[in-house]
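Encoded as structure tokens, the structure appears first; notes follow it.
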Amino acid sequence: MKEYIDEKKIKERVKSLGESITNKYKDKNELTILCVLKGSFIFLADLVREIELDLSIEFIDISSYNGINRGELILNKDISFNVENKNILIVEDIVDSGNTINFIFEHVNEKKPKSVKIATLFFKPEAYNFNMKIAWIGFNISNEFIVGYGLDHNEIHRNKKSIYILEDE
Ligand code: IMP
Ligand code: MG
């Protein structure tokens with residue numbers, strides 16, 4: 001495995017995303033962060049500590065990958081809170097084809113929130129198949145499969161502090 005983005009770069013970027021999100025929502029009366037499990041749990045934990053606002057945190061668990069191949073979307077745990085009239089910020093680890101985030105966006109939007117925006121730590125512009133805009137992107141990356149900082153390959157490597165490119169086995 002080759003190191004691709006180190007711990008320090010991630011930390012700096014997460015801090016600046018937190019500042020930008022704080023500025024965007026500071027005049028709103030409420031903010032609900034919706035964490036997309038499992039991959040986003042580490043990003044979420046660091047990001048929310050860089051947002052200087054009162055906020056609530058909710059979870060949805062959806063999976064799509066099987067090894068390094070894209071698969072069918074499976075909703076493992078649905079939303080269990082009242083979305084109506086809330087400002088929802090969806091926090092994703094990585095947006096690849098965009099299938100997952102677009103599904104979640106539509107799913108949330110149907111429940112009449114006040115607003116829905118997306119923050120993703122990683123974005124693969126060459127793989128993205130949708131027009132929907134993503135408000136916060138940590139890093140644009142090429143079409144490579146990465147692991148670490150919450151991201152897995154067959155459930156392994158989530159606990160690595162840096163981001164690595166998974167090379168052919
Ligand atoms: P999408 O639906 O194709 O956009 O895929 C998004 C989901 O697939 C993300 O939430 C990740 O869980 C997973 N994923 C996509 N690319 C990678 C990667 O490079 N490494 C690890 N997981 C990935
Ligand atoms: Mg994910």
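Below, all heavy atoms of this structure are taken into account, side chains as well, without hydrogens, waters or symmetry copies. Both counts, for ligands and for their atoms, begin at 1 and track the order of listing.
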Compute the minimum heavy-atom distance from [X] to ligand 1 and say whether it is under 4.0 Å.
X	answer
Asp93	yes
Ile94	yes
Lys124	yes
Glu144	yes

Tyr149 side chain reached by Val14 side chain, heavy atoms, under 4.5 Å: yes
Would you confirm whether Glu30, through its side chain, and Thr32, through its main-chain N or O, come within 3.5 Å as a donor-acceptor pair? yes
Can you name the nearest heavy-atom pair linking Asn154 to Asp152, along with the distance? N-OD2, 3.5 Å
For a quick test of reading the model, state the closest non-hydrogen atom pair linking Gly18 to Leu47 and the distance between them. N-CD1, 3.8 Å
Look at the rings of Phe130 and Tyr128 and say which category their plane angle falls in: under 30° parallel, 30 to 60° tilted, over 60° perpendicular. tilted
Is the shortest distance from a Lys or Arg side-chain nitrogen in Glu155 or Lys38 to a carboxylate oxygen in the other one below 4.0 Å? yes
Should Lys11 and Glu7 count as an ion pair when the cut-off is N to O under 4.0 Å? no
Quick one: which ligand 1 atoms are inside 4.0 Å of a heavy atom on [X]?
X	value
Ser64	7 (C), 8 (O)
Asn99	2 (O), 4 (O)
Gly98	1 (P), 3 (O), 4 (O)
Asp152	21 (C)
Ser97	1 (P), 2 (O), 3 (O), 4 (O)
Glu92	10 (O)

Ile146 vs Leu166, side chain to side chain contact (heavy atoms under 4.5 Å, CB included): CA-CA, chis, key distance, verdict: CA-CA 6 Å; Ile146 58 171; Leu166 198 72; over 6 Å; no
Within reach of ligand 1, part of Ile146 (heavy-atom separation under 4.0 Å): both
